[in-house]
Protein chains: 2
Amino acid sequence: MPWPKSTKTVRIRKGNLYAADCPTRDVLDDVTSRWGSLVLVLLLESSYRFSELAYLIGGVSEKMLAQALRVLEADGFVLRTVHATKPPKVEYSLTPFGREVAEPMKVLTEFVQKNVGKVMAHRERSKARVA
Amino acid sequence: MPWPKSTKTVRIRKGNLYAADCPTRDVLDDVTSRWGSLVLVLLLESSYRFSELAYLIGGVSEKMLAQALRVLEADGFVLRTVHATKPPKVEYSLTPFGREVAEPMKVLTEFVQKNVGKVMAHRERSKARVA
DNA sequence: CGGCATCCGCATAGATACTG
DNA sequence: CAGTATCTATGCGGATGCCG
């Protein structure tokens, strides 16, 4: 490599979030996943049944929703409660732990929601610059 | 469908975050993407060059990093500054707007980082229950 | 150095059908 | 209702090579 290296001394992160093999990455992926994030924010305001979530979250397939829920449950964020009624009824809610993760996620989604216009405008300007 | 519908009246979200065709989803995906999220949190503390980011973020390929940076730039979160030196030097930093999104994301990553152990423990117990 | 273009395989999203 | 099972194919993401 005939090219000079970076001149800046790079501080290595104390935490291992940036290490490729750290499980932190996996957990973060679960939380920030396309459907997982929406589930967390929704459950922050109320518990919901499977079909209610499927209805509320536009464009999600049953498979993907079930998958996201199972992962979040395994991680300890979501509680799955089966009511042995006929027909079966399954309630999903947040654990206290899940509530803690969901909170900043909600802040994030609300910020994005509030500023979509700004982002879209910026995207247009970027596109124009290329064309 | 011989099955009874949901008995709970479901409030339709005011925002359209949950609509399948809403651009809010796209933006959220950019921000919460595997590499995008890490980039945002890193740039919160300092600006970095491309190669520095590539070094700091373990496991990222140049392609994916460049891709993440380009979308974040197009969205108006990241500023790309080219120094016409020899060899070329490109600095990436957050815009004030980007700083606003990155903040809650940092809260999220720090929470996850702090509680990885708890999650991993819960995962083990879940696995045990299945086996 | 900081990219972009290209190729390519495996993962995984998603549609559909079926079940307790 | 609340999921699983099965199948397909799209596309993410990695590897490589070239260029300003």
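Please read these numbers as outputs of a predicted model, since none were measured by experiment. What's counted below: heavy atoms across the whole structure, side chains too, no hydrogens, waters or symmetry copies. So that the names make sense, note that chain A is the first sequence line, chain B the second, and so on, each numbered from 1.
For the pair B/Leu69 CG and C/dC1 P, the interatomic distance rounds to 16 Å; values are reported in whole Å. Here the P atom of nucleotide D/dG3 and the CD atom of A/Glu91 are 11 Å apart, to the nearest Å. Between A/Glu52 atom CD and D/dG3 atom C1' the separation is 15 Å, expressed in whole Å. A straight line from CZ of B/Arg25 to P of C/dA13 spans 14 Å, rounded to a whole angstrom. Atom C1' of nucleotide C/dC4 and atom CG of B/Leu65 are separated by 14 Å, given to the nearest angstrom. Rounded to whole angstrom, the span from the CZ atom of B/Phe50 across to the P atom of D/dG20 amounts to 18 Å.
Considering only the side chain of A/Arg80, D/dA2 comes nearest among D/dA2, C/dC1, C/dC4.
Between A/Tyr18 and B/Tyr55, the ring centre distance reaches or exceeds 6.0 Å.
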Distance-only donor-acceptor hits, side chain of residues 61-80 of chain B, under 3.5 Å, sequence neighbours excluded:
from	atom 1	to	atom 2	distance (Å)
B/Ser61	OG	B/Met64	N	3.2
B/Asp75	OD1	A/Arg123	NE	2.5
B/Asp75	OD1	A/Arg123	NH2	3.2
B/Arg80	NE	B/Tyr92	OH	3.3

Please output the side-chain donor-acceptor pairs of residues 33-43 of chain A that fall under 3.5 Å, not counting sequence neighbours, one pair per line with the distance.
from	atom 1	to	atom 2	distance (Å)
A/Ser33	OG	A/Asp30	O	3.0
A/Ser33	OG	A/Gly36	N	3.0
A/Arg34	NH1	B/Asp29	OD2	2.3
A/Ser37	OG	A/Ser33	O	2.9
A/Ser37	OG	A/Arg34	O	3.2

Evaluate the side-chain contact (heavy atoms from CB on, under 4.5 Å) criterion for residues B/Met105 and B/Leu108: first the C-alpha distance (whole Å), next the side-chain angles of each, then the deciding distance (0.1 Å), finally the verdict.
CA-CA 5 Å; B/Met105 185 47 104; B/Leu108 203 60; 4.1 Å; yes

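In terms of the salt bridge (Lys or Arg N to Asp or Glu O under 4.0 Å) criterion, A/Glu100 has no residue partners (sequence neighbours excluded).
Each end of the helix from C/dC1-D/dG20 to C/dG20-D/dC1 gets its own rotation axis from five pairs of C1' atoms, and the angle between them is 60° to the nearest 10 degrees.
In the hydrophobic clustering, A/Met120 connects to A/Val116, either directly or through intervening members, whenever side-chain heavy atoms lie under 4.5 Å apart.
The side-chain heavy atoms of B/His122 and B/Val119, taken from C-beta on, include no pair separated by under 4.5 Å.
For D/dA2, one of the phosphate oxygens OP1 or OP2 lies less than 4.0 angstrom from a side-chain nitrogen or oxygen of A/Arg49. In terms of phosphate contacts, A/Tyr92 brings a side-chain nitrogen or oxygen within less than 4.0 Å of OP1 or OP2 of D/dG3. In terms of phosphate contacts, B/Arg70 brings no side-chain nitrogen or oxygen within less than 4.0 Å of OP1 or OP2 of C/dG3.
The pair B/Glu110-B/Lys114 does not meet the salt-bridge criterion, since no charged nitrogen lies less than 4.0 angstrom from a carboxylate oxygen.
Here B/Arg49 contributes atom CZ and B/Leu56 contributes atom CG; the two are 12.5 Å apart, rounded to the nearest 0.5 Å.
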B/S/- contact track for nucleotides 10-19 of chain D, protein heavy atom under 4.0 Å:
---BBB----

